[in-house]
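Source: prediction; values computed, not measured. Every chain is numbered from 1, with letters handed out A, B, ... down the list of sequences.
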Amino acid sequence: MSYEGRIWCGTVNSRYLNQKIELFGWVNRFRDMGGILFIDLRDRTGIVQLVVDQNNISNFQELRISNEDVLKIVGIVRQRPKDKINIKIPTGEYEVEVHEISVLSKSLTLPFPINEEDYKDVSVDETLRLKYRFIDLRRPKMFKNLYFRHKLIKKIRDFLDENEFLEVETPILSNPTPEGARDFLVPSRIQKGKFYALPQSPQLYKQILMVSGIDRYFQIAKCLRDEDLRADRQPEFTQLDLEMSFINYNDVFCLIEKMLKEVLLTTMGLEIKVPFLRMEYKEAIDQYISDKPDLRFPYPIRKLDIEKVQINVESVTNDVYFLIIPQTINRKEIDNLYNSGYKFLYLVREGENYKGTLLKYIQLEQFNGFVNNLEDPELKNKELYTVFVIFNQPKVKLNEIKQVLIDRKILLPTCSFYFLWVNNFPLFKLEEDGRISPEHHPFTNVHPEDKDLLIELYNNIDKFDSTMKSRFTSIRSLAYDLVLNGVEVGSGSIRITDPELQKMIFSIIGLTEEEANSRFGFLLNSFKYGVPPHGGIALGLDRIISILLMTNSIRDVIAFPKTQSGSCLLTNSPSGVGEEQLKELGIELLPLA
RNA sequence: GGGGGCGUAGUUCAGCACGGUCAGAACGUUGGCCUGUCACGCCAAAGGUCGCGGGUUCAAGUCCCGUCGUCCCCGCCA
């Protein structure tokens with residue numbers, strides 16, 4: 001074998017011309033021509049063609065090569081004749097004349113094809129792929145995904161290292177974290193009846209590390225949440241978790257922007273514009289009906305000022321909203337929308353040509369004046385647009401219309417990747433049962449401009465009924481999300497370091513001092529010994545990688561993912577455990593319902 | 001917890017709405033031939049309890065009920 005100077009199949013080139021080399025790999029395909037045998041030998045770097053001539057190989061007749069056998073060969077790299085060059089593969093100018101060949105191991109016939117050509121127009125059932133994940137990962141596409149993931153994470157580590165960050169590992173056997181999801185529990189054998197919780201995030205530990213003066217911490221951290229799965233949600237997932245001292249949120253934004261710019265450039269040659277657009281939470285909800293707008297489609301839903309733009313419809317009793325798109329939409333699609341139940345007026349302008357139901361309710365000149373005054377970078381060409389107007393309906397309807405146009409690919413994205421900061425999330429949300437709970441987590445700092453409001457509401461909380469409690473949701477926090485293509489890919493905040501404020505928050509969310517101390521006492525205690533102001537963020541790496549690689553689900557960028565019911569089809573986890581093991585843990589199972 | 005899709009040779013699928021020559025195709029696999037192929041070609045062959053269980057019917061891949069698996073979505077979760 002040869003570790004030193006190993007030559008990879010996909011890298012055979014002129015450097016090795018006429019040299020005797022040793023190659024290892026899998027039989028990707030073979031073509032037996034009778035007296036001559038061509039083998040495409042594959043490793044993770046690619047394919048090279050081997051030529052096995054019966055004149056060179058003594059045991060030619062006994063060779064019973066089959067696909068996916070593992071071979072070791074020794075041979076001479078040759079230039080292929082001009083008319084025999086295969087331009088489809090990087091090594092296509094060369095081939096290896098085999099002098100020695102040995103089959104290191106045989107392979108059964110694969111349960112599904114992995115050759116890219118065989119694969120082109122078919123997608124194998126994912127159940128099968130997951131059961132035979134070891135074969136699935138041989139596919140160049142899957143290897144590419146894992147390779148990219150590796151490189152991205154390595155570059156992130158390098159970048160943060162250069163910026164004085166320290167990677168610190170925090171425990172997996174842990175206590176419940178304040179993220180609000182269900183915990184995975186691990187029974188303690190030594191202390192029967194007690195449980196560890198697997199961390200939903202390293203949140204508490206990283207704040208402790210700030211008290212410890214680590215100052216800049218990060219971790220490529222496994223996070224675990226016992227909630228239902230989705231295409232972009234796994235019970236265990238990987239976050240880039242980081243925390244910094246003596247910073248404000250702007251520092252976090254700049255750091256992440258700089259990091260992503262550098263990392264995406266070096267890993268995929270992608271140039272992204274920084275700084276990313278920053279949008280107030282309120283604005284996002286107001287204009288895009290979402291706290292994670294997809295600004296590849298930068299068309300807000302806006303209120304029409306009917307003082308300035310008259311709409312002569314008698315039945316307008318409520319706000320009028322409009323959506324303007326810088327392109328024309330044909331009649332058929334508009335009819336389609338209308339027939340699927342959306343009620344709207346519309347106007348399509350194409351040069352001096354105006355069409356649509358809105359036409360007879362407006363004064364065209366006035367309306368054009370209004371459109372021309374819209375400050376909308378997407379509306380450069382104001383002679384080509386479609387406007388939808390609705391009234392007496394929630395503006396969500398207009399957003400749904402936009403979504404239908406996107407789904408039907410009538411509206412096309414204006415770019416491939418759009419990063420966005422959504423800033424100043426509310427500090428609290430109101431639960432259905434009337435409780436106030438943290439929108440992010442209870443250590444999120446209040447926005448300085450809203451601190452007085454918080455104190456005022458807090459002082460009057462006893463007088464509030466449930467409807468008045470909703471006033472709490474108007475308090476802004478120093479929490480922010482990073483959004484990529486309409487997907488939340490990161491979340492963070494500036495934390496509370498003022499004990500009085502922290503007490504207030506616990507009190508508002510209904511946590512008694514006792515409960516707070518039992519859950520987070522160690523953190524609160526540490527804050528008594530000199531806590532620096534700090535904040536941070538966690539980026540969902542699986543999601544980011546999945547979006548960048550444009551895979552259908554995050555499963556395609558995770559080596560061994562779980563199915564929607566939380567199973568690993570490769571290992572058959574989760575599985576039952578024996579009586580003995582349960583007994584040792586002091587656990588008795590209830591009968592299955 | 002709820003809604004929806006899918007489940008037929010090793011694989012990808014057709015067949016199901018209208019029950020009865022419907023056990024089919026392609027690729028793959030196996031055997032044979034072939035010294036320049038590269039998705040090699042040619043000849044031949046094997047291969048399916050139609051996810052599982054029950055029901056309706058003279059008759060069930062096909063209709064009904066249940067169940068299991070998987071995928072997508074809502075709830076939940078950043």
**Q** Tell me: CD of A:Gln61 to C1' of B:C34, nearest whole Å?
**A**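 Answer to the nearest Å: 12 Å.
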**Q** Taking only the P atom of each, what is the distance from B:G47 to B:G24 in whole angstrom?
**A**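 Rounded to whole Å, the distance is 13 Å.
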**Q** To the nearest Å, give me how far apart CG (A:Asn115) and C1' (B:C40) are.
**A**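 Going from A:Asn115 (CG) to B:C40 (C1'), I get 14 Å.
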**Q** Applying the Watson-Crick and G-U wobble criteria at under 3.5 Å, what pairs with B:A46? Answer none if nothing qualifies.
**A**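 In the structure as shown, B:A46 has no Watson-Crick or wobble partner.
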**Q** Please tabulate the protein-to-nucleotide N/O contacts below 3.5 Å involving nucleotides 29-31 of chain B, giving atom names and distances.
**A**
{"from": "B:U29", "atom 1": "OP1", "to": "A:Asn67", "atom 2": "ND2", "distance (Å)": "2.9"}

**Q** Quantified in whole Å, what is the P atom distance between nucleotide B:C16 and nucleotide B:C22?
**A**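 Straight-line distance between the two P atoms is 11 Å.
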**Q** Under 4.0 angstrom, heavy atoms only, what part of the nucleic acid is A:Tyr480 near: base, sugar-phosphate, or nothing?
**A**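 Touches nothing.
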**Q** Measure the distance from CG on A:Asn86 to P on B:G36 and round it to the nearest whole Å.
**A**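 In whole Å, B:G36 P and A:Asn86 CG are 17 Å from each other.
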**Q** What is the distance, rounded to the nearest whole Å, between atom CD of A:Gln49 and atom P of B:C38?
**A**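 Rounded to the whole Å, the gap is 10 Å.
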**Q** Rounding to the closest angstrom, what is the interatomic distance between B:A25 and B:A9 at atom P?
**A**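 Going atom to atom, P in each nucleotide, I get 14 Å.
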**Q** Answer with base, sugar-phosphate or nothing: what part of the nucleic acid does A:Glu439 contact at a heavy-atom distance below 4.0 Å?
**A**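 The answer is base, as A:Glu439 lies within the cut-off (heavy atoms under 4.0 Å) of a base atom.
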**Q** Looking across every strand, which nucleic acid part, if any, lies under 4.0 Å from A:Arg78 by heavy atom: base, sugar-phosphate, or nothing?
**A**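 Base contact.
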**Q** In B/S/- notation, 5' to 3', how is nucleotides 70-76 of chain B contacted by protein heavy atoms closer than 4.0 Å?
**A** SBBSBBB
**Q** Between A:Phe38 and B:U37, do the rings stack, that is, sit under 5.5 Å apart with planes less than 30° off each other?
**A**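 According to the criterion (under 5.5 Å, under 30°), yes, A:Phe38 stacks.
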**Q** Judged by modelled atom types alone, do A:Asp481 and A:Tyr281 share a side-chain donor-acceptor pair under 3.5 Å?
**A**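 Result is no, nothing qualifies.
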**Q** Without decimals, in angstroms, what is the distance between A:Phe60 CZ and B:U35 C1'?
**A**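 Nearest whole value for this atom pair: 8 Å.
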**Q** Is a donor on one side and an acceptor on the other found under 3.5 Å between the side chain of A:Arg80 and the backbone of A:Gly92?
**A**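 Checking the backbone N and O of A:Gly92 against the side chain of A:Arg80, a donor-acceptor pair under 3.5 Å is found.
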**Q** Please determine, for B:G7, whether a Watson-Crick or G-U wobble partner exists with both distances under 3.5 Å, and give it or none.
**A**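 Partner of B:G7: B:C68.
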**Q** Can you check the A:Leu110 CG to B:U12 C1' distance for me, whole Å?
**A**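 Atom CG in A:Leu110 sits about 15 Å away from atom C1' in B:U12.
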**Q** For nucleotides B:C77 and B:A17, find the distance between their P atoms and express it as a whole number of Å.
**A**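 44 Å, rounded to whole Å.
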**Q** Can a side chain N or O of A:Arg31 be found less than 4.0 Å away from OP1 or OP2 on B:C40?
**A**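 Yes, because at least one side-chain N or O of A:Arg31 sits under 4.0 Å from OP1 or OP2 of B:C40.
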**Q** Hey, does A:Leu128 reach any base, or is it just sugar-phosphate, or nothing, if we go heavy atoms under 4.0 Å?
**A**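 Sugar-phosphate contact only.
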**Q** Hydrogens and angles aside, do A:Gln219 and A:Tyr217 bring a side-chain donor and acceptor to less than 3.5 Å of each other?
**A**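 Per modelled atom types, A:Gln219 and A:Tyr217 side chains form a pair under 3.5 Å.
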**Q** For the pair A:Phe443 and A:Phe520, evaluate ring-ring contact (aromatic ring centres under 6.0 Å, His included) and give the outcome as yes or no after the intermediate values.
**A** CA-CA 10 Å; A:Phe443 308 111; A:Phe520 316 123; 5.1 Å; yes
**Q** Is A:Arg29 near enough to B:C40 that one of its side-chain N or O atoms lies under 4.0 angstrom from OP1 or OP2?
**A**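 For B:C40, OP1 or OP2 has a side-chain N or O of A:Arg29 closer than 4.0 Å.
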**Q** May I ask you to verify if any side-chain N or O of A:Lys131 is less than 4.0 angstrom from the OP1 or OP2 atom of B:G69?
**A**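 Indeed not, no polar side-chain atom of A:Lys131 lies that close.
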**Q** Charged N to carboxylate O below 4.0 Å: is that the case for A:Glu95 and A:Arg78?
**A**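 Salt bridge present between A:Glu95 and A:Arg78.
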**Q** Under a 90° cut-off about 0 for the syn range, is B:G61 syn or anti?
**A**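 B:G61: syn.
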**Q** Can you tabulate the close N/O pairs, meaning under 3.5 Å, that link protein atoms to atoms of nucleotides 42-47 of chain B?
**A**
none

**Q** Starting at CZ of A:Arg42 and ending at C1' of B:A39, how long is that distance when rounded to a whole Å?
**A**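 Whole-Å distance recorded here is 15 Å.
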**Q** Does the side chain of A:Gln79 pick up a donor-acceptor pair with the side chain of A:Glu93 at under 3.5 Å?
**A**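 A:Glu93 and A:Gln79 do have a side-chain donor-acceptor pair below 3.5 Å.
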**Q** For the residue pair A:Thr563 / A:Ser565, report whether a side-chain donor-acceptor contact shorter than 3.5 Å exists.
**A**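 Looking only at side-chain atoms, A:Thr563 and A:Ser565 do form a donor-acceptor pair, the distance falling under 3.5 Å.
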**Q** Should the ring pair A:Tyr480 and A:Tyr249 be called parallel, tilted or perpendicular, given that the plane angle runs from 0 to 90° and is split at 30 and 60?
**A**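 Rings of A:Tyr480 and A:Tyr249: tilted, as their planes differ by 30° to 60°.
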**Q** Taking the nucleotide of RNA chain B with the closest heavy atom to each, which residue, A:Met33 or A:Arg543, is nearer the 5' end?
**A**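 With A:Met33 and A:Arg543 compared, the 5'-side residue is A:Met33.
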**Q** With no hydrogens and no angle check, do the side chains of A:Asp556 and A:Ser553 hold a donor and an acceptor under 3.5 Å apart?
**A**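 The answer is no; no qualifying pair exists.
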**Q** Across all strands, who's sitting opposite B:G41 as a Watson-Crick or G-U wobble pair, both distances under 3.5 Å?
**A**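 The answer is B:C33, by the H-bond criterion.
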**Q** Can A:Asn250 and A:Asn248 be counted as having a side-chain donor-acceptor contact under 3.5 angstrom?
**A**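 Absent: no donor and acceptor within the cut-off.
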**Q** Please verify the inter-ring angle class for A:Phe419 with A:Phe276; under 30° counts as parallel, over 60° as perpendicular, anything in between as tilted.
**A**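 Because their plane-to-plane angle is under 30°, the rings of A:Phe419 and A:Phe276 count as parallel.
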**Q** Decide whether A:Asn423 and A:Glu280 meet the rule of one side-chain donor and one side-chain acceptor closer than 3.5 Å.
**A**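 Result is no, nothing qualifies.
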**Q** Is a donor from one side chain sitting under 3.5 angstrom from an acceptor on the other, for A:Asn67 and A:Asn28?
**A**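 No, A:Asn28 and A:Asn67 have no side-chain donor paired with an acceptor closer than 3.5 Å.
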**Q** Taking CD1 from A:Ile89 and P from B:C38, how many angstroms apart are they, rounded to a whole number?
**A**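 Atom-to-atom, A:Ile89 to B:C38, this comes out as 12 Å.
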**Q** Which base sits across from B:C63 as a Watson-Crick or G-U pair, both distances under 3.5 Å?
**A**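 Its partner is B:G55.
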